[in-house]
Amino acid sequence: MRAQTRPAGWPPHWSIAAARHGTPLYVYDLPVVRERVAALTGALPACADVFYALKANGNLALVAELRRLGCGADVCSLGELETVRAAGFEGDRLLYTGPAKTEHEIAEVVAGRIGLIVVESPAEAARVAVAAARAGIRQSLLLRINPGHGLVRGAMATTAPICKFGVDEADAITAMRLVCALPDVELRGIHVSTDSNVCSASHLLERAEYTFALAARLRAGGWAVSVVDLGGGLGAPHAHDGARVDIGAYGAGLRRIADRHPAVSVILELGRYPVAESGTYLVSVIAVKRSATATFALVDGGINHLYRPRLTPEGSPPPVLSTSRAAPRVVTVAGPLLDADDVLADDVLMPSPEPGDLLAIPACGAYGYSHGLHGFCLHPTPAEAIWDGEVLHLVRERATPLTVTNGQHLLGARAAPASASSSAAR
């Protein structure tokens, strides 16, 4: 059982947003984003550059604010690329990543004059070289390297010594030789990212030490490494009293490491840290029911919009109730889906909810909307709003039941024969 964690009061703009735009609803507080970015830029060494990772939250208005705050953008799909273009990013402030880039994708990215492309293998680098030749440019690359057993991963590891990302550390020199022999591309450095949501500055610095040492070995072998991409991983608390990275200690340690490698610039691909604490998911209580000894608060949004509580149930924030009553009760908060796993919070001690109450799940500005199961049961996607500190803005309209069939087609008499479709596909 977890006790409800309440922020300092219930911010009035949460209730205003719900009244104006209904629930379910995401609200993002820009003052929090600005504070986190300011803390980052104030702590990091001058050689370090922050690229916001859109996979955490690709909301257009939020992305545009991060550009205004000086961040570059780490994108991994053509949809994310279109988003950063609409947000006003220049090509030289973009980094393109991803383990399975298609020919079309590579051609689009190269034609867009992206500053850096992270390649996962010499074969992928060769495909980039072909696209660069067609575009008449020389494309800058980073090679992703997957460390072996020598690097200890954290609790939320995103790689293992055997995994789909990058080239194995043991094969790095061979891979660099093959990439450097290609025309129309320039290998500028390496990319190493292994774990996520790390709240230990010392662990992050151990990972940085390992990556810089790897870069130094490659340089000693005659390979030019002027850029080291340390990936992401800076943790942010899921709840208001959760653990957070000591960004001052991390910045000071990274500065000491970078000072020993003056010819190397550093990239950090950060998604969670800048935006996680800015986001709140608001839902309305539809019904309260008992089942044996349990009390369920049934709400109008669930894992279709916020799946993260199912992935990290122990670290998920307990919901906050808009009203405060004297009688606390252990409550399970469950959504509207026809699935027993559609639970946002299990066994939370909170003031007894009633139909019509608002519930807020805080600290879900990262991997909230972007990780939802939006196609399940075809409930409309939620609206999104931004509080800029003074004004509340609707930045994504709520979908409606009428929009779920957009782009779909019934079988019709004018459908192309299978043979024609097959030949067209070839």
Side-chain angles (χ1 to χ4, degrees), residues 49-60 62-64 66-68 70-146 158-159 163-167 172 175-176 178-193 224-232 265-271 274 370 425:
D49 199 358
V50 175
F51 280 64
Y52 172 63
L54 264 75
K55 62 181 180 291
N57 188 328
N59 179 275
L60 175 60
L62 195 62
V63 172
L66 286 155
R67 180 198 60 79
R68 193 189 68 78
C71 296
D74 162 28
V75 298
C76 61
S77 72
L78 294 183
E80 290 188 352
L81 181 59
E82 181 61 28
T83 299
V84 295
R85 285 172 173 164
F89 279 86
E90 300 293 335
D92 62 355
R93 295 295 292 153
L94 302 180
L95 171 78
Y96 202 91
T97 60
K101 305 177 189 72
T102 66
E103 299 289 346
H104 171 69
E105 191 177 358
I106 289 171
E108 288 286 319
V109 171
V110 170
R113 304 297 197 268
I114 300 301
L116 286 168
I117 298 177
V118 177
V119 294
E120 303 276 331
S121 66
E124 186 173 88
R127 293 197 293 274
V128 174
V130 171
R134 289 173 179 163
I137 66 169
R138 186 170 177 81
Q139 177 64 55
S140 295
L141 306 178
L142 301 179
L143 176 65
R144 181 160 186 172
I145 297 176
N146 183 41
T158 54
T159 72
C163 78
K164 70 177 184 178
F165 293 111
V167 299
M176 293 192 79
L178 292 170
V179 174
C180 289
L182 294 169
D184 303 304
V185 294
E186 178 187 5
L187 182 60
R188 296 184 54 199
I190 61 173
H191 173 289
V192 174
S193 185
V225 179
S226 60
V227 178
V228 168
D229 186 335
L230 297 176
S265 61
V266 179
I267 288 175
L268 298 175
E269 302 170 5
L270 304 182
S370 64

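- Taking CG of Asp229 as the start and CZ of Arg144 as the end, the distance is 9.0 Å to the nearest 0.5 Å.
- Judged by distance alone, the side chains of Ser265 and Asp49 never bring a donor and an acceptor atom under 3.5 Å apart.
- Two residues are said to be in side-chain contact when any heavy atoms from C-beta on lie closer than 4.5 Å; Tyr52 and Leu54 meet this criterion.
- Between Val119 and Val185 the shortest side-chain heavy-atom distance does not fall below 4.5 Å.
- Contact of the His191 side chain with the Leu116 side chain is not registered, since no non-hydrogen atoms from C-beta on lie closer than 4.5 Å.
- Minimum heavy-atom separation, Glu124 to Ile106: CG-CD1, 4.4 Å.
- The side-chain heavy atoms of Lys101 and Ile117, taken from C-beta on, include a pair separated by under 4.5 Å.
- Note that the CG atom of Asp92 and the CG atom of Leu95 stand 12.0 Å from one another [nearest 0.5 Å].
- Atom CD1 of Ile190 is separated from atom CG of Leu141 by 14.0 Å, given to the nearest 0.5 angstrom.
- The structure places OG1 of Thr97 at 5.5 Å from CD of Glu269, a figure rounded to the nearest 0.5 Å.
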Notebook entry, point to check: Could you walk me through whether Asp74 and Leu270 pass the side chain to side chain contact (heavy atoms under 4.5 Å, CB included) check?
Noted result: CA-CA 8 Å; Asp74 162 28; Leu270 304 182; over 6 Å; no
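- Atom OG1 of Thr83 sits about 11.5 Å away from atom CG of Leu62, to the nearest 0.5 Å.
- Within a 6.0 Å radius of CD in Glu186, other residues, nucleotides and ligands contribute more than 12 heavy atoms.
- Sparse packing is recorded around CZ of Arg134, with 12 or fewer heavy atoms of other residues, nucleotides or ligands lying under 6.0 Å away.
- Note that CG of Leu81 and CG of Leu94 are 6.5 Å apart. Values are rounded to the nearest 0.5 Å.
- Taking all atoms of both residues into account, the shortest heavy-atom contact from Ser370 to Ala56 is OG-O, 3.1 Å.
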Item checked: Steps toward side chain to side chain contact (heavy atoms under 4.5 Å, CB included) verdict (Val75, Ile114) -> CA-CA 10 Å; Val75 298; Ile114 300 301; 5.8 Å; no
Item checked: salt bridge (Lys or Arg N to Asp or Glu O under 4.0 Å) between Arg127 and Glu103, intermediate numbers included -> CA-CA 7 Å; Arg127 293 197 293 274; Glu103 299 289 346; 3.7 Å; yes
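- Val130 places none of its side-chain heavy atoms less than 4.5 Å from the side chain of Asp184.
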